Number of protein chains: 2
Amino acid sequence: MEKPATIKDIAKRLNISLSTVSRALRNASDVNPDTKKAVMALSEELNYQPNKLALSLRQKQTHTIGVIVPNLDYVLSLMVRGIDEVALEAGFTVMVCQSNESFGREILNTRRLLESLVDGFIISVSSESKSFEHFKKIQERNLPVVVFDRVTPHLKAPSVRIDNEEGGFIATEHLIEQGYKRIAVLAGPENLGISNSRMDGYLNALKKYKIKKDPALIVHCDFNQDYAYFATLELLAMKKRPDAIFTISDRMAIGAMLAIKKKGLRMPEDIGLVGFNNEPVTSLVTPSLSSIEMPSFELGKAAAKLFIETMHNKENMDLEEKVLKPKLIIRESSQKSPIKN
Amino acid sequence: MEKPATIKDIAKRLNISLSTVSRALRNASDVNPDTKKAVMALSEELNYQPNKLALSLRQKQTHTIGVIVPNLDYVLSLMVRGIDEVALEAGFTVMVCQSNESFGREILNTRRLLESLVDGFIISVSSESKSFEHFKKIQERNLPVVVFDRVTPHLKAPSVRIDNEEGGFIATEHLIEQGYKRIAVLAGPENLGISNSRMDGYLNALKKYKIKKDPALIVHCDFNQDYAYFATLELLAMKKRPDAIFTISDRMAIGAMLAIKKKGLRMPEDIGLVGFNNEPVTSLVTPSLSSIEMPSFELGKAAAKLFIETMHNKENMDLEEKVLKPKLIIRESSQKSPIKN
DNA sequence: ATCCTTGCCGGTAACGTTGTCGGAATGGAT
DNA sequence: ATCCATTCCGACAACGTTACCGGCAAGGAT
């Protein structure tokens with residue numbers, strides 16, 4: 001009952017060779033049905049489990065995917081669950097590492113996963129990362145890499161993300177339709193792709209409705225509630241203060257909301273507010289927060305599927321780029337007029 | 001540049017034997033300083049990384065810890081980060097699996113991790129689990145197991161948790177001190193240990209202040225916002241309705257809060273409310289939610305440390321039981337009178 | 001009878017590493 | 001000159017598995 005049974009044990013007890021047992025346990029071609037049955041029965045009895053280590057060593061595949069995420073907040077942990085789901089189904093195990101938004105940590109994670117001999121990577125990059133050499137090292141080893149959610153043009157790899165530009169656009173358009181005139185945007189770190197895309201969407205919406213862009217209304221700040229709080233206070237202290245704010249994350253929207261309340265302003269009457277991610281908290285705050293919903297779980301699943309495809313095709317696969325659509329969820333914080341239609 | 005370098009490559013290029021290279025790379029006793037230097041230099045140049053698979057196979061240790069958690073909500077993902085921190089430091093890799101509060105999934109996770117030949121487990125049990133045979137199988141294989149946060153007396157293993165009874169006690173005592181008279185408790189599933197402990201704390205507080213226990217005020221419901229919402233509606237529909245509610249999680253408190261608002265009651269004037277976990281959302285809702293804070297990150301670290309100790313001692317270690325203290329955070333939802341002292 | 005196919009099986013090497021053992025060379029002590 | 005200890009090194013087996021190759025017997029076709 002102590003040590004797990006091996007092929008050798010089975011062979012010995014059945015007085016046949018290792019090779020035969022090995023064959024019997026797998027494809028079973030080239031092996032007498034009777035011996036096969038005997039092997040199966042005994043392996044059942046001994047509760048035989050093939051040793052993954054030996055297997056991996058032999059066939060140079062660990063059936064493990066390394067997943068690197070900047071954190072495990074609501075959205076990302078949903079995505080990871082999606083990845084997990086599909087990976088498990090396909091016979092893969094996933095190893096999840098958090099970079100904590102730290103560049104150094106991301107490098108370390110990469111190295112560790114590489115040492116663990118994962119078969120490939122599914123990555124969402126940290127907001128702090130400006131260099132991507134550590135990821136290129138992965139590709140030099142010829143391992144498949146898929147990036148998701150936080151993609152970057154500096155890393156040539158198939159990717160899955162949502163249409164951030166579209167998200168920024170519909171959020172802003174919604175605010176314009178509600179009659180807001182001076183719309184500010186609270187963006188994230190300057191080098192973060194998703195932040196810039198969402199901002200591009202914001203700019204596109206302004207352009208479409210012929211509203212002049214005002215640089216003073218575009219604020220970069222850290223992906224963080226407190227920073228957003230102070231940034232909003234500054235916005236509201238302007239001579240011609242904005243009458244609406246689009247933030248590129250719900251967390252930042254919450255910070256903004258606190259600042260707005262602090263100033264004694266009302267939402268949606270004085271200020272309109274739209275966040276991004278549609279985290280559960282959006283419906284818990286007062287007023288409830290309009291936000292952009294994204295199909296996080298699906299996105300995770302898509303990333304894992306793409307990974308598995310990439311893995312099989314390997315060479316001749318053009319860098320596929322899968323884009324999912326976001327959706328506007330209107331709540332109290334931005335709904336000035338009653339819902340039309 | 002393609003395949004990673006092996007000991008064999010080094011040996012060949014240096015015209016020495018595998019064994020010598022192996023020794024040179026490690027303890028270095030029994031090897032000429034010169035050859036050692038040469039080996040080191042070449043291994044540096046070839047960027048040699050020992051193959052973990054071969055190593056694990058050889059010495060029957062994967063340096064991997066299997067972590068099973070019911071989910072990755074705010075509290076648990078903090079704990080996992082704590083585990084990660086300590087494990088990494090000690091040279092372990094962690095594999096995190098979510099059971100999604102499902103018994104079947106938990107069994108599957110266990111099996112998969114066992115197949116992956118992890119060196120041991122750090123577990124927080126799913127709320128659905130009533131049988132623990134799958135975990136006992138781990139122990140039969142003589143692998144160390146540590147349970148954390150959600151512990152259960154049915155599993156004999158070293159554990160780390162917070163003092164849930166104390167948490168329930170201080171929450172209830174606080175409500176009593178604020179002058180609330182009919183205090184209800186929204187508990188979780190009946191078989192969930194942490195829920196029952198918190199409820200025991202509640203009962204102890206009643207006893208201390210000579211308040212008679214009223215079974216009608218003790219409600220079990222699922223660990224879930226919606227259930228809590230409906231359960232609260234029922235409580236509030238009673239002839240002699242409670243004037244305070246202690247819920248054993250913040251999520252349930254949010255559900256209760258929505259129900260209280262729905263009924264047009266005010267907090268803290270009409271109803272006092274205290275949650276548990278001190279999630280960030282507590283300070284975002286209106287009114288802000290009093291809650292019991294626990295040292296999640298520290299708890300994770302303690303669990304990993306305990307695991308490593310257990311691993312080394314193995315046999316003669318009495319089942320250590322580490323208990324951390326929770327802390328009451330008072331916010332608007334329960335603060336009737338101004339803060340005393 | 002001879003030959004060739006087919007069905008079944010075993011031996012061996014290999015994946016990359018470490019541990020054990022034995023042995024060659026050196027040098028100092030007798 | 002002989003002996004023994006020391007220093008350094010290589011051969012070999014092993015961890016558990018699979019891939020490749022070759023072989024033996026049975027049986028059908030010639």
Side-chain angles (χ1 to χ4, degrees), chain A residues 2-40 42-43 46-64 91 114-119 141-143, chain B residues 2-40 42-43 46-64 91 114-119 141-143:
Chain A
E2 271 293 313
K3 293 300 150 199
T6 74
I7 281 195
K8 201 188 276 184
D9 298 329
I10 299 182
K12 218 170 267 176
R13 294 232 336 218
L14 252 46
N15 253 331
I16 55 182
S17 76
L18 295 186
S19 331
T20 307
V21 177
S22 172
R23 258 167 309 183
L25 287 171
R26 286 170 292 133
N27 51 2
S29 93
D30 250 34
V31 45
N32 186 311
D34 287 343
T35 52
K36 185 178 153 191
K37 232 171 269 174
V39 169
M40 287 306 195
L42 187 56
S43 85
L46 298 183
N47 191 23
Y48 169 75
Q49 304 273 19
N51 183 313
K52 267 200 177 180
L53 252 32
L55 235 154
S56 300
L57 180 60
R58 183 70 231 266
Q59 52 201 30
K60 292 172 171 306
Q61 268 205 52
T62 53
H63 296 281
T64 301
L114 232 27
E115 279 175 14
S116 292
L117 299 171
V118 296
D119 290 343
R141 285 219 197 164
N142 232 329
L143 295 179
Chain B
E2 270 293 314
K3 293 300 152 200
T6 73
I7 280 194
K8 200 188 277 184
D9 298 329
I10 300 183
K12 218 170 269 173
R13 294 233 333 221
L14 254 45
N15 254 328
I16 56 181
S17 78
L18 296 187
S19 328
T20 305
V21 177
S22 171
R23 257 167 309 183
L25 287 171
R26 288 170 290 133
N27 52 4
S29 95
D30 249 34
V31 43
N32 186 310
D34 288 343
T35 52
K36 185 177 153 191
K37 234 172 269 176
V39 169
M40 286 308 195
L42 188 56
S43 84
L46 298 183
N47 191 20
Y48 168 77
Q49 303 275 19
N51 183 312
K52 266 201 180 180
L53 253 33
L55 235 154
S56 299
L57 180 61
R58 182 73 230 266
Q59 52 201 30
K60 291 173 172 304
Q61 267 204 55
T62 53
H63 296 281
T64 301
L114 232 26
E115 280 175 13
S116 292
L117 300 171
V118 296
D119 289 342
R141 286 219 196 163
N142 234 328
L143 295 180

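Values below: all heavy atoms of this structure, side chains included; hydrogens, waters and symmetry mates excluded. Just so you know, these numbers come straight off a predicted model, no measurement behind them. By convention in this document, chain letters (A, B, ...) are assigned in the order of the sequence lines, proteins followed by strands, and residues within each chain are numbered from 1.
Rounded to whole angstrom, the span from the CG atom of A/Asn51 across to the C1' atom of D/dA14 amounts to 13 Å. As rounded to whole Å, 13 Å separates atom C1' of D/dC15 from atom CG of A/Asp9. Computed from coordinates, the A/Leu25 CG to D/dA19 P distance equals 13 Å when rounded to whole Å. Nucleotide D/dC15 holds its P atom 17 Å from the CG atom of A/Leu55, rounded to whole Å. In this structure, B/Leu57 places its CG atom 9 Å from C1' of D/dA14, rounding to the nearest Å. If you take CD of B/Gln61 and P of C/dG16, they are 22 Å apart, rounded to a whole angstrom. Spacing between atom NZ of B/Lys37 and atom C1' of D/dC8 amounts to 16 Å, rounded to whole angstrom units. If you take CD1 of B/Ile10 and P of C/dG16, they are 13 Å apart, rounded to a whole angstrom.
Shown here are the side chain to side chain donor-acceptor pair (under 3.5 Å) partners of B/Ser19, two or more places apart in sequence or in another chain: there are none. Scanning for side chain to side chain contact (heavy atoms under 4.5 Å, CB included) contacts around B/Leu42 gives B/Ile10, B/Arg13, B/Leu14, B/Glu45, B/Leu46, with sequence neighbours left out. Taking B/Arg26 as the reference, B/Ser22 meet the side chain to side chain donor-acceptor pair (under 3.5 Å) condition, with sequence neighbours excluded. Considering only residues two or more places apart in sequence or on other chains, A/Leu25 meets the side chain to side chain contact (heavy atoms under 4.5 Å, CB included) condition with A/Ile7, A/Val21, A/Val39, A/Met40, A/Ser43, A/Tyr48. Remark: A/Lys8 pairs with A/Thr6, A/Lys12, A/Leu18 by the side chain to side chain contact (heavy atoms under 4.5 Å, CB included) rule, at least two apart or across chains. Partners of B/Thr20 by side chain to side chain donor-acceptor pair (under 3.5 Å), not counting sequence neighbours, listed by chain and number: B/Ser17.
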Find every protein N or O atom lying less than 3.5 Å from an N or O atom of nucleotides 8-11 of chain C, and list the pairs.
from	atom 1	to	atom 2	distance (Å)
C/dC9	OP2	A/Asn32	N	2.8
C/dC9	OP2	A/Thr35	OG1	3.3
C/dC9	N4	A/Arg23	NH1	3.3
C/dC9	N4	A/Asp30	OD2	3.4
C/dG10	OP2	A/Ser17	N	2.9
C/dG10	OP2	A/Ser17	OG	2.9
C/dG10	OP2	A/Thr20	OG1	2.4
C/dG10	N7	A/Arg23	NH2	3.0
C/dG10	O6	A/Arg23	NH1	3.3
C/dG11	N7	A/Ser19	OG	3.1
C/dG11	O6	A/Ser19	OG	2.9

Give me, pair by pair, the N or O atoms of the protein and of nucleotides 24-28 of chain D that are less than 3.5 Å apart, along with how far apart they are.
none

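Within the 4.5 Å cutoff, the side chain of A/Ser116 has heavy atoms near those of the B/Lys52 side chain.
The residue B/Ile7 sits close only to the backbone: its heavy atoms come under 4.0 Å of sugar-phosphate atoms, none of a base.
When all heavy atoms of A/Thr62 and A/Asp119 are compared, the closest pair comes out as N-OD1, 2.9 Å.
Residue pairs meeting the side-chain hydrogen bond (donor to acceptor under 3.5 Å, both in side chains) criterion with at least one member in residues 30-40 of chain B, sequence neighbours excluded, do not occur.
Remark: B/Lys60 is in phosphate contact with D/dG16, judged by side-chain N or O atoms under 4.0 Å from OP1 or OP2. For the pair B/Lys8 and C/dC15, the criterion of a side-chain N or O lying under 4.0 Å from OP1 or OP2 is met.
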